[in-house]
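Structure first, then comments.
All ligand and atom numbering here is 1-based and tracks the order in the structure.
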Amino acid sequence: MRGQSLLGRTMLEIDTGLQEQFFWEEIRCGISSGVPRLEGTIQTQRGLVRHVVKTVERRTLGGRNRIVVTTRDISTERAVEELAARSASLLAATLESTADGLLVLDLGDRIQNFNRRFAAIFGLPPELATSRDTDVLFARIRAAFATPTAWDDALAVGLKHPGTTHLQTLALADGRWLDYSLRPQSLRGQVIGQIWSFSEVTDRMRHEEALLCARDAADSANRAKSQFLSAMSHELRTPLNAILGFTQLLEFDGLPQQKESLQTIRQAGEHLLALIDEVLDLARIEAGRIDLHIQQVQLTDVVQEAIALTRPLAAQYDITIQANVGSHVVMADPLRLRQILINLISNAAKYNHRNGSVAIRSRACSLATGTGVAIEVADTGIGIAEEDFDKLFQPFSRIGGTPSQVEGTGLGLALVWRLIELMRGKVRVESVVGDGSRFIVELPSG
Ligand code: ADP
């Protein structure tokens with residue numbers, strides 16, 4: 001502040017505060033002798049208000065009584081203080097407005113700040129907020145964790161890698177769970193401390209634990225079911241094979257009037273045996289007890305074998321089978337691939353119109369894992385509604401509209417799905433109701 005800007009003006013023009021008016025009156029009347037150091041404001045000639053520290057004293061100068069006023073402009077200091085106070089208030093408001101507990105440490109692990117939520121999570125006494133005693137605070141935190149070394153381990157990680165972010169979930173001794181994250185605090189590119197953020201995740205962890213328990217229980221129930229089914233299937237097959245064997249003998253040697261009944265017994269027995277075989281296969285897959293021998297397989301060979309085995313069934317339904325399969329080589333278990341094709345071709349014949357046809361084709365395709373071969377089994381049959389596509393591959397599901405006189409177990413496609421999955425392939429269906437269906441199997445090429 002320039003001295004000239006004050007010249008020729010009365011003190012009351014310069015010093016405008018109300019209490020100053022009384023003060024100068026007292027000085028003028030000699031009631032007050034002055035003040036050693038007083039903060040206040042003064043107004044410059046241009047009307048600007050400046051913060052000052054002033055000293056007022058009475059002195060005798062050159063034989064005359066004078067009032068000497070000394071001022072020091074502290075406006076800049078005040079502005080800086082104001083800015084600092086605003087930042088502190090903003091920081092405090094931000095710290096308190098988060099739902100997480102926050103702790104700020106410097107690089108020497110000394111407390112810089114923490115919010116009320118942090119104090120609540122660790123049950124800290126209110127006096128710690130003022131004393132900020134690091135030793136007392138750390139002792140409290142250490143005791144709160146279920147593992148006594150958890151806090152020191154976490155501090156060690158922060159100390160080793162101060163510039164990186166860490167996330168972890170830890171158990172508290174009282175049964176609660178905490179997620180914590182540790183992030184660096186930087187100033188002009190330099191790491192100067194660490195910000196620890198804690199949030200309670202007890203509900204989430206309990207939920208996850210309950211889910212894991214439920215999954216384990218379901219897994220063991222599933223394993224028990226598969227073991228039971230596989231044991232039962234063995235028990236059922238032995239007597240059934242005996243029934244079938246003796247029925248065939250009687251068909252040869254028995255009385256002519258019994259032939260028809262014996263044929264019915266044999267067909268029912270064969271159907272039951274097929275069902276047991278499929279249940280056994282499914283149970284083995286679900287129990288993880290199926291051995292696949294995956295190797296390079298000439299597709300034409302397997303397709304020809306499958307056609308030869310399904311031709312009698314196709315003939316029953318007056319269905320013709322055509323194959324146009326290239327000399328593709330696939331990676332598959334040959335016996336299981338034949339079983340898959342038999343299932344698909346049998347279905348294409350069973351769910352067809354009289355005098356319909358089945359076409360088998362192959363082409364190269366690409367799989368997520370590399371090149372593949374797509375094998376299509378297309379029929380001219382009754383078709384499948386799109387909303388039933390997902391149900392098709394579920395065990396024991398026969399979809400609506402399927403003619404009830406057509407024999408089936410509802411297990412064939414479920415087996416196809418699982419076997420293809422085990423061979424790292426895919427199966428999908430395209431269909432138009434009334435026009436026919438196309439099952440597409442994609443396998444890695446060999
Ligand atoms: P199923 O032994 O009953 O044939 P699948 O698992 O092979 O058992 O097939 C399940 C159901 O899917 C069948 O019952 C039938 O309703 C339907 N389905 C399968 N293939 C075809 C097809 N090519 N055309 C129409 N429906 C089909």
Side-chain angles (χ1 to χ4, degrees), residues 229 233 236 240 267-286 290 303 306-307 309-324 335-362 374-423 425-442:
L229 281 177
S233 301
L236 290 171
L240 195 56
Q267 280 169 349
E270 279 166 357
H271 176 64
L272 204 52
L273 193 60
L275 177 67
I276 291 167
D277 279 342
E278 285 179 333
V279 168
L280 185 62
D281 275 346
L282 259 185
R284 273 211 213 105
I285 292 176
E286 281 182 11
I290 192 155
V303 169
I307 293 176
L309 289 164
T310 45
R311 233 185 254 291
L313 178 91
Q316 268 179 44
Y317 291 87
D318 297 325
I319 306 295
T320 52
I321 305 175
Q322 299 136 20
N324 184 6
L335 284 181
R336 294 300 182 178
L337 180 56
R338 192 177 72 183
Q339 184 183 357
I340 289 166
L341 290 172
I342 290 173
N343 269 327
L344 295 179
I345 301 170
S346 307
N347 282 351
K350 287 192 304 184
Y351 306 113
N352 216 320
H353 300 296
R354 284 267 154 209
N355 301 315
S357 65
V358 177
I360 304 152
R361 282 184 286 266
S362 69
I375 310 152
E376 286 182 14
V377 178
D379 62 58
T380 52
I382 57 174
I384 304 155
E386 204 173 327
E387 63 263 25
D388 289 327
F389 284 4
D390 284 347
K391 276 188 240 155
L392 284 177
F393 299 97
Q394 309 284 338
F396 301 106
S397 68
R398 304 200 77 195
I399 56 173
T402 303
S404 53
Q405 73 277 13
V406 177
E407 266 185 8
T409 59
L411 283 174
L413 287 180
L415 258 178
V416 165
W417 180 276
R418 283 164 177 75
L419 287 172
I420 299 270
E421 222 176 21
L422 289 174
M423 293 189 213
K426 287 196 301 188
V427 58
R428 65 193 157 84
V429 61
E430 293 167 3
S431 184
V432 175
V433 175
D435 268 5
S437 310
R438 181 193 306 270
F439 283 80
I440 301 140
V441 170
E442 293 175 341

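Between Leu313 and Arg311, the closest side-chain pair of non-hydrogen atoms is not below 4.5 Å. Residues Met423 and Ile340 form a side-chain contact, since some pair of their non-hydrogen atoms from C-beta on lies under 4.5 Å apart. Inter-residue side-chain proximity for Ile440 and Glu430 is flagged as met; some heavy-atom pair is nearer than 4.5 Å. Side-chain atoms of Asn347 and Val377, non-hydrogen and from C-beta on, never get closer than 4.5 Å to each other.
Among protein heavy atoms, the minimum distance from atom 3 (O) of ligand 1 is reached at Arg398 NE, 2.9 Å. The protein non-hydrogen atom at the shortest distance from atom 2 (O) of ligand 1 is Thr409 N, 2.7 Å. Of the protein's non-hydrogen atoms, Thr402 OG1, 2.5 Å is the one closest to atom 16 (O) of ligand 1. The nearest heavy-atom contact from the protein to atom 5 (P) of ligand 1 is Leu413 N, 3.6 Å. Here the heavy atom of the protein found nearest to atom 11 (C) of ligand 1 is Ser397 O, 3.6 Å. Among protein heavy atoms, atom 7 (O) of ligand 1 sits closest to Asn347 ND2, 2.8 Å. What sits closest to atom 23 (N) of ligand 1 on the protein, heavy atoms only, is Asp379 OD2, 2.9 Å.
Which parts of ligand 1 touch Gly412 is read off a 4.0 Å heavy-atom cut-off, strictly below it: atoms 5 (P), 6 (O), 7 (O), 8 (O). Taking a cut-off of under 4.0 Å to the non-hydrogen atoms of Leu392, the atoms of ligand 1 that pass are 12 (O), 17 (C). Residue contact check: Ser437 has heavy atoms under 4.0 Å from atoms 24 (N) of ligand 1.
Across all non-hydrogen atoms, the minimal contact from Ile319 to Ala349 is CG1-O, 3.7 Å.
When Gly381, Gly410, Gly383 are ranked by how near their heavy atoms come to atom 8 (O) of ligand 1, first place goes to Gly410. Distances from atom 4 (O) of ligand 1 to the heavy atoms of Phe439, Trp417, Phe393, Tyr351 put Tyr351 nearest. When the heavy-atom distances from atom 26 (N) of ligand 1 to Ile384, Val358, Val377 are ranked, the shortest goes to Ile384.
Side chain of Thr310 to main chain of Ser346: no donor-acceptor pair is present (N/O by atom type, distance under 3.5 Å, no hydrogens or angles). For the pair Asn352 (side chain) and Ser357 (backbone), a donor-acceptor distance under 3.5 Å is present.
A 6.0 Å sphere centred on CD of Gln267 holds more than 12 heavy atoms belonging to other residues, nucleotides or ligands.
Aromatic ring orientation, Phe393 versus Phe439: perpendicular (interplanar angle above 60°, classes split at 30° and 60°).
In terms of polar-atom proximity, defined here as any N/O pair under 3.5 Å, Ile382 makes no such contact with ligand 1. At least one N/O-N/O distance between Ile399 and ligand 1 falls below 3.5 Å.
Glu421 has no carboxylate O lying under 4.0 Å from a charged side-chain N of Lys426, or vice versa, which leaves the two without a salt bridge. Between Lys350 and Asp379 there is no salt bridge, since no side-chain nitrogen of the basic residue lies less than 4.0 Å from a carboxylate oxygen of the acidic one.
The shell of residues lying under 4.0 angstrom from ligand 1, judged by heavy atoms, includes Lys350. Residue-ligand proximity: Asn343 is placed with every non-hydrogen atom at 4.0 Å or more from ligand 1.
When heavy-atom distances to ligand 1 are checked against a 4.0 Å cut-off, Leu411 comes that close only through its backbone atoms N, CA, C and O.
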